[in-house]
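To start, the structure under review is shown below, and the notes come after it.
Order of the sequence lines fixes the chain letters, A, B, ..., with proteins taken first and strands second; residue numbering starts at 1 for each chain.
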Amino acid sequence: MCGRFALTTPIEVLRQAFGFVGPAPNLPARWNIAPTQSTPVIRRAESGGRELAALRWGLVPYWADSPSIGAKMINARAETVAEKPAFRAAFKARRCLVPADGFYEWPTRGDLASRQPVLFRRRDGGPFAFAGLWERWVPAAGGLIESFAIVSTAANEIMAQYHERVPVVLAPGDYAAWLDPAADARALLKAPPSDWFSAAAFQPMSTTCGMTTPAVSPRRSTSPRRRRSRHASRAPGRPTTVSRACSNARKRRAAP
DNA sequence: CCAGACGTTGTT
DNA sequence: GTCTGG
DNA sequence: CCAGACGTTGTT
DNA sequence: GTCTGG
């Protein structure tokens, strides 16, 4: 699946890769994008071109009573996305590209099982696009929430070493069809090509601390690692490691 | 008919 | 909004 | 995905 | 243990 991802590529590089037009903000490098956060997607604009827009991760269906349901709708299964009430309308008419340059999986298999996530990045470090769906939700009080989900599918043999499910990563040649409501999109929902990606063990993460290091090799140090405080200052362009004790995580590890 | 769900992943 | 379960 | 809550009544 | 919020 995909429960966290990274987007650190400069905006003009994204513009080149995904061909959107119009205004775009300068994006800060983000190594820990979490559900319910706002993050840019590329979608078809009313003009027909591609635009960049910041949407909330976790699709809130148009019929929802409350936006809280979006927290559960962070992924949509490729196998059923065309039929599920929460996703089918968006799948037909509102597909988007979700730009990223890394995604995390928490290993669940055998010896690798761990609470330490694995970061998958393209071998050339470049950006890629998840297959996304987006939706509009109008609160009773007025206003508008636009949100999205990332399509997931069965992992191929390589990635399945870590996790059974993976996000769909679109081939650049498929971007146009994915964004075209008239195209047959189901054929585009394939597992990411393993040879694009490399996997690296990662620091344990926290939502609140936000920033984490980029790729690191598996940790083997026997001495306790010195951690920076959550308030540590950060040199530009050099993400810091921020971690902290988590009593709940310890409890969960220990509990039956 | 109305009421209630509408989702995914992982775990034992 | 639309489907499923009672 | 992880972190953190997990509750009610009444008061301003 | 399980749900909600980020």
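- Distances from the side chain of A/Ser68 to the nucleotides C/dC3, E/dG5, B/dG7 place E/dG5 closest.
- Using a 4.0 Å cut-off on heavy atoms, the residues of residues 135-156 of chain A that approach DNA chain B are A/Ser152, listed by number.
- In this model, the phosphate group of D/dC1 is not approached by any side-chain N or O of A/Thr36 to a distance below 4.0 Å at OP1 or OP2.
- Dashed line: the shortest gap from a side-chain N or O of A/Arg56 to OP1 or OP2 of E/dG6 is not under 4.0 Å.
- Stem regions annotated for DNA chain B: B:1-6 with C:1-6, counting only runs of 3 or more consecutive pairs of Watson-Crick or G-U type with both contacts under 3.5 Å.
- The side chain of A/Ala86 lies closest to B/dG7, out of B/dG7, B/dT9, C/dG1.
- Ring-base stacking between A/Trp63 and B/dC6 is satisfied, the centre separation being under 5.5 Å and the plane angle under 30°.
- Of the inter-residue distances, the one linking A/Tyr175 atom OH with A/Leu170 atom CG reads 7.0 Å to the nearest 0.5 angstrom.
- If you take NZ of A/Lys92 and C1' of C/dG1, they are 12 Å apart, rounded to a whole angstrom.
- Centroid-to-centroid, the aromatic rings of A/Phe120 and A/Tyr104 stay 6.0 Å apart or farther.
- Cation-pi contact between A/Arg95 and A/Phe91: present, with separation from the ring centre below 6.0 Å and deviation from the ring axis of at most 45°.
- Considering only the side chain of A/Pro85, B/dC6 comes nearest among B/dT11, D/dC1, B/dC6.
- Residue A/Phe87 has its side chain nearest to B/dG7 when only C/dG1, D/dC1, B/dG7 are considered.
- For A/Arg165, a side-chain nitrogen or oxygen approaches OP1 or OP2 of B/dT9 to under 4.0 Å.
- Here A/Arg165 pairs with A/Glu79 in a salt bridge; the nearest charged N to carboxylate O distance falls below 4.0 Å.
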